[in-house]
A.B. asks: 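Pasting a structure here, questions to come.
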Amino acid sequence: TTTVEFIQPWTQGADGQGATKARELFQKVYGLDPQGVWSAPGRVNLIGEHTDYNAGLCLPIALPNRTYVAASPRTDSRVRLVSSMDPENPVQADLDGLQARGVSGWAAYPVGVAWALQRDGFPQVRGFDLALASCVPVGSGLSSSAAMTCAVALALDDLFGLGLGGDEAGRVRLIQAAITAENDMAGASTGGMDQSASMRCRSGCALRLDCRPELDAMSNVRQVPFDLQSAGLELLVVDTRAQHQLNDGQYDQRRATCEQAAHLLGVANLRQVADQVNGAADPPSALAALLEQLPDEIMRRRVRHVISEIGRVDRFVEAFGRGDYVLAGRLFNASHDSLRDDYEVTCPELDEAVDAARQGGAYGARMTGGGFGGSIIALADAGKGSDLACDIAERFASKGFKAPRALIALPSSAAARES
Ligand code: ADP
Ligand code: MG
């Protein structure tokens, strides 16, 4: 029978595996002890996909898999960086005179965070030495990029005494710096869910994130209990290892179509019409009437996904909250089918993995993250995850796909100092 690699998260804490790996890499490369170690998690989004940039709702949990950053401040403007992914090749940058897109490669993410904080009114941010080690799968739709930028943001907050990490409003400013780093320095479009998840999730909870720009830090999130263990459930994550590349223009095209549609409908964002439709006495006919106002079939399908997906978030919260896991699973399925048929961001590997999980007895399964590759999640009875992962691996072998890998997700905690 087929076996599947399960990715084990590293242990946290000052003497945990994560802090130790980051610290040892720092010592090896720079010959000194770091001033501290910080970490931030990757995430999976339970439901509410491609809604963040439409001012919609989403529902991420933090993964137990985290990125660990050992760092010390410098008094000049130089940045030295090394990653456990490429430990023999430290890289350097300079914050002085740095422009958008002025750093290439992975260094753009951490350097971009410092650059964004400086521009956001924190000139006390200077150069730094940094070593990072991660057990978040990279490029798998589990947000290794936000795990990295959020760990760095929290490190810089402490190293330079910005005082932002201790409360929600401060964390929102760190989130903004992480988003700016990704958008403007790394050149990767991001809608903000990943960074909010990494900075604001709580252990045992899903984060109901309301992305309306007019909301403040106190009113845009709600912690929703998501206790899989006492529900007798397991959340399986399977990385399909299919190429996930949001930079090839598809993601930006989807965003542009949504913006055009909002413009045609005379609203600032699709959330404004989503609330009308989902709150109508007869949502399907309200949706049909709205879609009639749009000029082409593709745009109608894109909008139908966004509006129906925003509506599914609170239905999922409600169903899970009262223990209706069958309905919760059906909402996962409806989300995936909408992403496949209307939004067209899945790929054969995602569709096959979801199908195999459903056939194997999951309550429901869906792609998670931006799509075009990356990972799926499946909601199943406790103890079923590894069987489902094997089913998916067998399906992949029969299709000639790469062997997938898996992890069991438990809702974990936000970015924090480790030592
Ligand atoms: P995802 O966030 O889903 O993992 P992205 O394409 O958004 O995928 O981000 C992946 C990129 O982030 C990598 O190509 C690399 O540039 C950077 N990255 C993430 N984690 C690390 C790491 N530990 N070391 C070096 N670069 C990293
Ligand atoms: Mg990312």
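Whatever order the structure lists them in is the order used to number ligands and atoms, beginning at 1. It should be emphasised that the depicted structure is a prediction, and the values quoted were computed from it without experimental measurement. The chain is numbered in sequence order, starting from 1.
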A.B. asks: Is any N, O or S atom of Ser145 under 2.8 Å away from the Mg ion (ligand 2)?
C.D. replies: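 Yes.
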
A.B. asks: Are the ring centres of Phe320 and Tyr325 closer than 6.0 Å?
C.D. replies: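 Yes.
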
A.B. asks: List every atom of ligand 1 that sits less than 4.0 Å from any heavy atom of Leu132, numbering the atoms from 1 in the order shown and giving each element.
C.D. replies: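 Near Leu132, the atoms of ligand 1 are 22 (C), 23 (N), 24 (N).
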
A.B. asks: Could you tell me whether Tyr251 and Phe372 have their ring centroids closer than 6.0 angstrom?
C.D. replies: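 Ring centroids of Tyr251 and Phe372 are no less than 6.0 Å from each other.
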
A.B. asks: Counting only N and O atoms by type, is there a donor-acceptor contact under 3.5 Å from the side chain of Arg340 to the main-chain atoms of Leu350?
C.D. replies: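 Not a single qualifying donor-acceptor pair exists.
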
A.B. asks: Any N/O of Gly139 closer than 3.5 Å to an N/O of ligand 1?
C.D. replies: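 The answer is yes, given that Gly139 and ligand 1 share an N or O pair closer than 3.5 Å.
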
A.B. asks: Closer than 4.0 angstrom: is that true for some heavy atom of Ala188 and an atom of ligand 1?
C.D. replies: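 So Ala188 does not count as touching ligand 1.
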
A.B. asks: At the 4.0 Å heavy-atom cut-off, does Thr67 count as touching ligand 1?
C.D. replies: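 For ligand 1, residue contact (heavy atoms, under 4.0 Å) with Thr67 is absent.
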
A.B. asks: Heavy atom under 4.0 Å from ligand 1: found in Ser144's side chain, backbone, both, or neither?
C.D. replies: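 It is both parts that get close, each with some atom under 4.0 Å.
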
A.B. asks: Backbone, side chain, both or neither: what part of Leu142 comes under 4.0 angstrom of ligand 1, heavy atoms only?
C.D. replies: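 The answer is the backbone.
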
A.B. asks: Within a distance under 4.0 Å of any heavy atom of Ser143, pick out the atoms of ligand 1 and give their elements.
C.D. replies: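 Matching atoms, with element in brackets: 1 (P), 2 (O), 3 (O), 4 (O).
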
A.B. asks: Using a strict 4.0 Å cut-off to heavy atoms of Ser134, name the atoms of ligand 1 that fall inside it.
C.D. replies: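 By the 4.0 Å cutoff, the relevant atoms are 23 (N).
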
A.B. asks: Within less than 4.0 angstrom of ligand 1, does Gly369 place any heavy atom?
C.D. replies: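 Checking ligand 1 against Gly369, which is what was asked, there is no heavy-atom contact under 4.0 Å.
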
A.B. asks: Short list, please: which atoms of ligand 1 are under 4.0 Å from a heavy atom of Met85?
C.D. replies: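 Those of ligand 1 that fall under 4.0 Å from Met85 are 21 (C), 22 (C), 23 (N), 24 (N), 25 (C).
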
A.B. asks: So is Gly141 polar-close to ligand 1, meaning N/O to N/O under 3.5 Å?
C.D. replies: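 Yes, since at least one N or O of Gly141 sits under 3.5 Å from an N or O of ligand 1.
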
A.B. asks: Applying ring pair (Phe, Tyr, Trp, His ring centres under 6.0 Å), can you list everything that pairs with Phe160, at least two apart in sequence or on another chain?
C.D. replies: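 Scan of Phe160 (ring pair (Phe, Tyr, Trp, His ring centres under 6.0 Å), adjacent residues dropped) gives none.
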
A.B. asks: Just say parallel, tilted or perpendicular for the rings of His305 and His50, cut-offs at 30° and 60°.
C.D. replies: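 Rings of His305 and His50: perpendicular, as their planes differ by over 60°.
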
A.B. asks: Identify whether the distance between the nearest side-chain nitrogen and carboxylate oxygen of Glu349 and Arg241 falls below 4.0 Å.
C.D. replies: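 Not counted as a salt bridge, because no side-chain N and carboxylate O are separated by less than 4.0 Å.
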
A.B. asks: Is there a side-chain contact (heavy atoms from CB on, under 4.5 Å) between Ser338 and Ser308? Walk through the geometry before answering.
C.D. replies: CA-CA 8 Å; Ser338 174; Ser308 64; 3.9 Å; yes

A.B. asks: Say whether, by atom type as modelled, one donor and one acceptor occur between the side chain of Asn65 and the main chain of Cys135 under 3.5 angstrom.
C.D. replies: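 Yes, because the side chain of Asn65 sits within donor-acceptor range (under 3.5 Å) of the backbone of Cys135.
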
A.B. asks: Mind checking what makes side chain to side chain donor-acceptor pair (under 3.5 Å) contact with Arg271, not counting sequence neighbours?
C.D. replies: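 Only Asp210, Asp275 meet the side chain to side chain donor-acceptor pair (under 3.5 Å) criterion with Arg271.
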
A.B. asks: Which one holds for Ser145 and ligand 1: side chain close, backbone close, both close, or neither close, with close meaning a heavy atom under 4.0 Å?
C.D. replies: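 For Ser145, the contact with ligand 1 is made by both the backbone and the side chain.
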
A.B. asks: Which of the atoms in ligand 1, numbered in the order shown and given with their element, are less than 4.0 Å from a heavy-atom of Ser83?
C.D. replies: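 Within the 4.0 Å cut-off of Ser83, ligand 1 contributes 22 (C), 23 (N), 24 (N), 25 (C).
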
